[in-house]
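A short worksheet on the structure shown next.
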Amino acid sequence: MDARARVEAALAGDRVDRVPVGAWGHSYREEWSPEDLARVTVERARRAGFDFVKFQPRATVFAEAFGNRYRPSNHRLKGPVLLEVAVPDLAAWPGLGLVAEGVLEEQVRSLGLVVRELGERVPVLQTVFSPVSVADYLVGRDKRRVGRELRAHPEVVLPALERIAEVLAGFARRSVEAGAAGIFYAVSGFATRDTMPIADYERLLLPMDRRLLESLPQAAWFNVLHLCGSHINLGVGGQLPVQAVSWSIHNQGNPSLAEGRELTGRAVMGGLAQRGALLNGPESEIAAQARAAVAATGGRNLLLAPGCSVPPRARESHLNAMVAGAS
């Protein structure tokens, strides 16, 4: 089996010669250049032997598109430095709009370079944050403000989220046209009872998620829903048109891979502790987690991966150990 055949079989629940593997993490210094970002993405995928590539855009690109301002940290281990937020208060939501389309186009171009280098037999996913996840960046460091204002003033916040969704849908479509096999749709910390009551998420945000995903071109055959955080509402995964669901089984209160597969009826992506074994080792523990994930699912409907982004200081040998453990 080649990489694409392996991924297709895993999504369908068919037998594979080995479980498909992929991992991702930021390259903070290179992310400011589309060419450099593409280069390091391709190099990492080839060295590790990944079966799929989750493209990791610049950490702040979606917030930049809507008006946040940052400067580079100029350090490979540190993300961009926030200078100004686009939505400093409730009164700023009605005026929110796209102000820097060019930064999005840079990510589409960079992804296209990755696809061209790796070829059509290695699926590449474009990362797309959900509208509320983008909005969370736009308000700054108060991680509960968006949820509060959305529930208290939906007539103010929801129209802004719809405008964000429209831009993200266009970005996703252009990414598929550039060669992406689909999107990695990331809901960062909102489909969890720690941040928002499940009923509120399903009433206010789930319809927007569904419309965005339903707008994808038919060529998007490999779409993944990523639910970030602890105590996640994995039931969301069964209500959206995706082929796989990604989450961290190591976060508090989250279901196992087997439980998630049963609950969502989708293939599952994960199994490795991105801030545990993949960061700190030892390699024997990484291989053990990989084997445990395969055993828990019988190797069916499984894409072995970290539960979220791997910190940039993780050793390359740790990623290699993950791939070796899948065999």
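We number each residue from 1, following the sequence as shown.
- Ionic pairing of R29 and D36 is not present here: no N-O contact between side-chain nitrogen and carboxylate oxygen is shorter than 4.0 angstrom.
- Take E177 and apply the side-chain contact (heavy atoms from CB on, under 4.5 Å) test, not counting sequence neighbours, and it matches R174.
- A 6.0 Å sphere centred on CD of E43 holds more than 12 heavy atoms belonging to other residues, nucleotides or ligands.
- R76 has its side chain out of reach of Y28: every pair of non-hydrogen atoms, C-beta onward, lies at least 4.5 Å apart.
- Every pair passing salt bridge (charged side-chain N to carboxylate O under 4.0 Å, His left out) that includes a residue from residues 13-23 is listed here, sequence neighbours excluded: R6-D17, R18-D51.
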Q: Carefully, step by step, assess L158 and L204 under the rule side-chain contact (heavy atoms from CB on, under 4.5 Å).
A: CA-CA 8 Å; L158 275 177; L204 295 168; 4.0 Å; yes

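- Applying the salt bridge (charged side-chain N to carboxylate O under 4.0 Å, His left out) test to residues at least two apart or on different chains, the pairs with a partner in residues 314-327 are R47-E316.
- Contact annotation: the side chain of S110 never approaches that of E106 to less than 4.5 Å [non-hydrogen atoms, C-beta and beyond].
- Residues in residues 208-225 take part in these salt bridge (charged side-chain N to carboxylate O under 4.0 Å, His left out) pairs, two or more places apart or across chains: E162-R211.
- Residues V122 and L303 are members of separate hydrophobic clusters, defined by side-chain heavy-atom contacts under 4.5 angstrom among Ile, Leu, Val, Met, Phe, Trp and Tyr.
- Side-chain contact between L279 and H318 is absent, with no heavy-atom pair separated by less than 4.5 Å.
- Crowding of E155 atom CD: a count of heavy atoms from other residues, nucleotides or ligands under 6.0 Å exceeding 12.
- Identified under the ring-ring contact (aromatic ring centres under 6.0 Å, His included) test for residues 65-96, with sequence neighbours left out: none.
- For R44 (side chain) and G25 (main-chain N/O), a donor-acceptor pair under 3.5 Å exists by modelled atom type.
- Taking the side chain as every heavy atom from C-beta outward, L113 and R116 approach each other to under 4.5 Å.
- For residues 184-205, the salt bridge (charged side-chain N to carboxylate O under 4.0 Å, His left out) pairs, not counting sequence neighbours, are R151-D200, D200-R203.
- Atom-to-atom distance recorded for S27:OG and R58:CZ is 13.0 Å, nearest 0.5 angstrom.
- Counting only distance, with no hydrogens or angles, the side chain of R261 and the backbone of T297 share a donor-acceptor pair below 3.5 Å.
- Grouping the Ile, Leu, Val, Met, Phe, Trp and Tyr side chains by contacts below 4.5 angstrom, directly or via other members, places L304 apart from V7.
- L104 is linked by a side-chain contact (heavy atoms from CB on, under 4.5 Å) to V61, F62, A65, L98, V167, F171, counting only residues two or more places apart in sequence or in another chain.
- Here H153 contributes atom NE2 and R148 contributes atom CZ; the two are 10.5 Å apart, rounded to the nearest 0.5 Å.
- A donor-acceptor contact under 3.5 angstrom links the side chains of S130 and S133, judged on distance only.
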What donor-acceptor contacts under 3.5 angstrom involve side-chain atoms of residues 80-90, with partners at least two apart or in another chain?
unit_1	atom_1	unit_2	atom_2	d
E84	OE1	R69	NE	2.9
E84	OE1	R69	NH2	3.3
D89	OD1	A91	N	3.2
D89	OD1	A92	N	3.2

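- E35 CD: more than 12 foreign heavy atoms inside a 6.0 Å radius.
- One hydrophobic cluster holds both V103 and V108 under the rule that ILVMFWY side chains link at heavy-atom gaps under 4.5 Å.
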Q) Could you walk me through whether E149 and R145 pass the salt bridge (Lys or Arg N to Asp or Glu O under 4.0 Å) check? A) CA-CA 6 Å; E149 293 184 349; R145 189 186 133 196; 2.9 Å; yes

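- Of the possible polar contacts, none joining the E285 side chain to the G281 backbone as a donor-acceptor pair under 3.5 Å is found.
- Applying the ring-ring contact (aromatic ring centres under 6.0 Å, His included) test to pairs two or more places apart or on separate chains, none has a residue in residues 230-265.
- No chain of hydrophobic side-chain contacts below 4.5 Å, direct or via other Ile, Leu, Val, Met, Phe, Trp or Tyr residues, connects L118 to L125.
- At distances below 3.5 Å, at least one donor-acceptor pair connects side-chain atoms of E259 with backbone N or O atoms of S256.
- Under the 4.5 Å side-chain contact rule for hydrophobic residues, F50 and L11 do not share a cluster.
- Heavy atoms only, all atoms of each residue included: F52 and A305 are closest at CZ-CB, 4.3 Å.
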Please list, one pair per line, the donor and acceptor atoms closer than 3.5 Å that link side chains of residues 222-230 to other protein atoms, with sequence neighbours excluded.
unit_1	atom_1	unit_2	atom_2	d
N223	OD1	I183	N	2.9
N223	ND2	A220	O	3.1
N223	ND2	Q243	OE1	3.4
H226	ND1	S246	O	3.4
H226	ND1	S246	OG	2.8

Q: Just do the ring-ring contact (aromatic ring centres under 6.0 Å, His included) check on W24 and F184 with the steps written out, would you?
A: CA-CA 11 Å; W24 55 92; F184 186 92; 5.2 Å; yes

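- Of the possible donor and acceptor atoms, one in the side chain of N254 sits under 3.5 Å from a partner among the backbone N and O of I232.
- Listed for the T192 side chain is no donor-acceptor partner under 3.5 Å among the backbone atoms of G189.
- Remark: the E283 side chain and the S317 side chain contain an N/O donor-acceptor pair separated by less than 3.5 Å.
- Contact check for V53 versus P123: no side-chain heavy atoms found under the 4.5 Å cut-off.
- The ring-ring contact (aromatic ring centres under 6.0 Å, His included) contacts involving residues 102-128 comprise nothing, where partners must be two or more places apart or lie in separate chains.
- Within a 6.0 Å radius of NZ in K143, other residues, nucleotides and ligands contribute more than 12 heavy atoms.
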Expected list for residues 263-276: side-chain donor-acceptor pairs under 3.5 angstrom, two or more places apart:
unit_1	atom_1	unit_2	atom_2	d
T264	OG1	G260	O	2.8
T264	OG1	R266	N	3.1
R266	NE	V242	O	3.0
R266	NH1	T264	O	3.3
R266	NH2	G238	O	3.4
R266	NH2	L240	O	2.9
Q274	OE1	G307	N	3.3
Q274	OE1	C308	N	3.3

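- Checked by atom type and distance alone, the side chain of S175 never pairs as donor or acceptor with a backbone atom of A180 at under 3.5 Å.
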Q.
Working note: L37 + W32, criterion side-chain contact (heavy atoms from CB on, under 4.5 Å); need CA distance, chi angles, decisive distance, verdict.
A. CA-CA 7 Å; L37 177 55; W32 292 87; over 6 Å; no

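- Checked by atom type, the side-chain pair E64/T60 shows a donor-acceptor distance below 3.5 Å.
- Residues K54 and Q126 have side chains not in contact (no heavy-atom distance under 4.5 Å, counting atoms from C-beta outward).
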Q) Stepwise, does the side-chain contact (heavy atoms from CB on, under 4.5 Å) test hold for L150 with L161? A) CA-CA 10 Å; L150 176 60; L161 296 185; 4.2 Å; yes

Q: Might you work through the side-chain contact (heavy atoms from CB on, under 4.5 Å) test for S309 and H26, ending with a clear yes or no?
A: CA-CA 7 Å; S309 179; H26 283 291; 4.1 Å; yes

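- Inter-residue side-chain proximity for P255 and I249 is flagged as unmet; no heavy-atom pair is nearer than 4.5 Å.
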